[in-house]
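Following: one structure in structure tokens, then a few remarks.
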Amino acid sequence: MTAKPVRLASLSEQDLLCPVCCEVFSHPVLLKCGHNSCKECLQKLWEWKGGRECPVCQTASPSARPPINLVLKIAADRFTESRARPGGECLLHNEKLKLFCRDDEEPICVVCQASKQHKVHACYPVEEAALERKIEVSAKLDSLQKHLKILNKTKEDWEETKYYIKSQADQTERQMKEEFERFHQILREEEKNRVAKLRQEEETNTQVMCIKLEYIKERIATVTDAIGEVETAVQADDVKFLQDYKKTKSRTKCPLGEPECIRGILIDAAKHLGSLKFEIWKKMADIVQKVPITLDPNTAQSNLSFSEEFSSVRYSSKKRLPDNPERLASRISVLGATGFTSGRHSWTVEVGQSRDWYIGVARESIKRKSAIFLNPAEGFWVIGLCNGETYWAQTCPRMRLAVKRERKPWRITVELDYDRGKVLFLNAVDSTLIHMFREKFTERIFPYFSPGMYEEGNTSSPLTICPLTIAVEVLDQIKIP
């Protein structure tokens with residue numbers, strides 16, 4: 001069925017009512033069957049039904065975006081205007097509305113100005129008042145539009161984060177299954193339980209993101225509606241604009257707070273994959289390895305890549321990652337997955353033949369997105385090697401370390417004594433002291449790693465956390481005679 005041409009003169013008030021909301025059409029769209037509906041009403045109906053059918057005759061629509069019926073829109077707009085607008089005249093005195101009362105913020109006639117209600121009020125011509133208030137509303141409209149851009153950008157970021165959670169969960173599962181396959185006969189049930197926990201975390205985090213996205217969509221819709229109404233009001237003639245001024249002004253006062261910063265939403269891959277062998281060592285009858293520190297990929301700069309169990313890190317090609325609050329974007333570095341607030345802790349890092357690196361500890365509150373200096377004032381207690389030659393303690397100012405070339409360490413042990421406020425760096429080969437920091441720690445401290453960049457076109461040498469050797473032995477029972 002094809003649509004018949006419609007003439008304005010042939011339309012009655014009944015012809016201007018939407019079959020869905022039963023109100024005068026707002027942006028009517030023309031379906032292939034010839035029936036019309038408000039664009040917004042039709043989209044909501046289709047989403048609810050899960051199909052594209054005409055609300056009148058149920059004929060399927062071939063297009064998801066039917067065209068606007070311009071003739072019907074003009075007729076509906078004229079009808080709405082004629083019904084709502086009193087023709088620019090005072091309803092009490094039938095005089096032209098030529099003045100604007102600043103006190104009551106409404107257009108009035110000259111008779112109203114002389115009345116008891118307005119005679120002590122400040123009044124001036126509608127043209128002057130309209131210009132002044134259009135400038136005022138336009139400024140607020142600009143603020144709304146800027147805020148809408150922020151909301152839309154946040155929505156895009158959150159959409160990417162939601163998809164990344166799925167991708168990250170899938171990748172984590174693949175690595176997890178590879179690890180389990182090596183011990184499949186012993187670890188089948190363990191594998192099943194861990195995958196279930198991973199999927200539960202994915203579902204929970206995805207549900208949180210869906211709720212957050214629905215909220216941001218609602219805010220976007222609210223701001224968009226406000227912008228549309230304000231734009232329409234600003235484009236109206238002066239009298240109409242001033243008649244609706246109070247309502248228009250109120251629509252510009254929607255909350256403009258910054259979008260929420262969602263923390264801790266990414267999959268905790270370190271929990272699922274970090275030190276996997278150690279978690280199941282009791283089920284093994286052989287020797288297993290455990291690293292004392294697991295790296296946290298959710299804190300890593302986007303050029304870093306890791307070994308399967310997050311015990312080794314190196315510089316590589318850049319990856320597309322969410323800019324989540326935990327991620328270190330200002331430096332090519334990564335933190336350990338576990339922080340410390342007390343006790344003594346140590347780990348040994350194999351630096352190998354790397355020409356550039358920094359290792360040590362950092363406090364939890366370090367700046368992760370802006371430029372920083374690696375020194376205690378910024379929350380870092382680290383040492384490093386530059387250009388394969390010079391060792392530095394990153395004090396303020398930094399201090400050159402006396403390390404002889406023939407005793408160049410390839411493994412360095414980091415010892416953190418939180419309670420006594422000490423960070424020691426030792427040559428793991430002979431336990432000689434390289435440097436020691438003293439500090440009074442007041443917050444959680446994390447291991448810090450920064451590998452060198454590309455070396456002559458190749459990826460950098462990795463920084464590797466050396467494993468602890470743990471032997472699982474069965475002791476003979478001692479019998480007492």
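Atom set for the values below is all heavy atoms of this structure, side chains included, hydrogens, waters and symmetry mates excluded.
- The shortest distance between side-chain heavy atoms of Phe241 and Val137 falls below 4.5 Å.
- A heavy-atom distance below 4.5 Å is not found between the side chains of Glu260 and Tyr215.
- A distance of 12.5 Å separates CD in Gln113 from CD in Glu95, rounded to the nearest 0.5 Å.
- The side-chain heavy atoms of Phe449 and Ile293, taken from C-beta on, include a pair separated by under 4.5 Å.
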Set out, in order, the CA-CA distance, both residues' side-chain angles and the distance that settles side-chain contact (heavy atoms from CB on, under 4.5 Å) for Ile216 and Leu151, then state yes or no.
CA-CA 7 Å; Ile216 201 73; Leu151 293 177; 3.5 Å; yes
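- Contact annotation: the side chain of Val20 never approaches that of Leu42 to less than 4.5 Å [non-hydrogen atoms, C-beta and beyond].
- In this model, no donor atom of one side chain and acceptor atom of the other lie less than 3.5 Å apart for Ser450 and Ser333.
- The line from CZ of Phe446 to CD of Glu364 is 4.5 Å long, rounded to the nearest 0.5 Å.
- Counting only distance, with no hydrogens or angles, the side chain of Gln394 and the backbone of Phe380 share no donor-acceptor pair below 3.5 Å.
- Checked by atom type and distance alone, the side chain of Asn324 never pairs as donor or acceptor with a backbone atom of Arg263 at under 3.5 Å.
- The residue from Glu105, Glu106, Glu229 that alone fulfils the salt bridge (Lys or Arg N to Asp or Glu O under 4.0 Å) condition with Lys249 is Glu105.
- Here the shortest heavy-atom pairing between Ala76 and Leu16 reads N-CD2, 4.1 Å.
- Exactly one of Glu201, Gln175, Glu173 qualifies for a side-chain hydrogen bond (donor to acceptor under 3.5 Å, both in side chains) with His272. That residue is Glu201.
- Taking the side chain as every heavy atom from C-beta outward, Ile265 and Lys212 never approach each other to under 4.5 Å.
- Summarising the geometry of Leu295 relative to Ser311, their closest heavy-atom pair is CD1-C, 4.2 Å, with the distance given to 0.1 Å.
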| message | Is there a salt bridge (Lys or Arg N to Asp or Glu O under 4.0 Å) between Asp157 and Lys162? Walk through the geometry before answering. | response | CA-CA 9 Å; Asp157 292 343; Lys162 186 182 76 170; over 6 Å; no
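- Relative orientation of the Phe340 and Trp347 rings is parallel, given thresholds of 30° and 60° on the angle between their planes.
- Here Asp237 contributes atom CG and Gln243 contributes atom CD; the two are 8.0 Å apart, rounded to the nearest 0.5 Å.
- Without hydrogens or angle criteria, Arg327 side chain to Ala300 main chain gives a donor-acceptor distance under 3.5 Å.
- Atom CZ of residue Arg133 and atom CG of residue Asp238 lie 12.0 Å apart, to the nearest 0.5 angstrom.
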**Message:** Test salt bridge (Lys or Arg N to Asp or Glu O under 4.0 Å) on Arg174 and Asp170; report intermediate values, then the result.
**Reply:** CA-CA 6 Å; Arg174 285 194 299 271; Asp170 290 342; 5.4 Å; no
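- Contact check for Val291 versus Glu309: no side-chain heavy atoms found under the 4.5 Å cut-off.
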- Take Trp158 and Lys217 through the side-chain contact (heavy atoms from CB on, under 4.5 Å) test and state the conclusion after the steps. CA-CA 11 Å; Trp158 288 3; Lys217 288 176 183 178; over 6 Å; no
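- Between the side chain of Trp381 and the backbone N or O of Asn375, no donor-acceptor pair lies under 3.5 Å.
- Taking OG1 of Thr294 as the reference point, atom CG of Leu335 lies at 13.0 Å (rounded to 0.5 Å).
- Atom CZ of residue Arg320 and atom OG of residue Ser302 lie 11.0 Å apart, to the nearest 0.5 angstrom.
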Candidate pair Gln207 and Glu203, rule side-chain hydrogen bond (donor to acceptor under 3.5 Å, both in side chains), full reasoning = CA-CA 6 Å; Gln207 287 177 351; Glu203 179 181 352; 3.3 Å; yes
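- For Asp296 (side chain) and Gly336 (main-chain N/O), no donor-acceptor pair under 3.5 Å exists by modelled atom type.
- Under the 3.5 Å distance criterion, the side-chain polar atoms of Ser115 are matched with a main-chain donor or acceptor of Cys112.
- Side-chain polar atoms of Ser167 and Gln171 form no donor-acceptor pair below 3.5 angstrom.
- Between the side chain of Lys240 and the backbone N or O of Ala233 there is no donor-acceptor pair closer than 3.5 Å.
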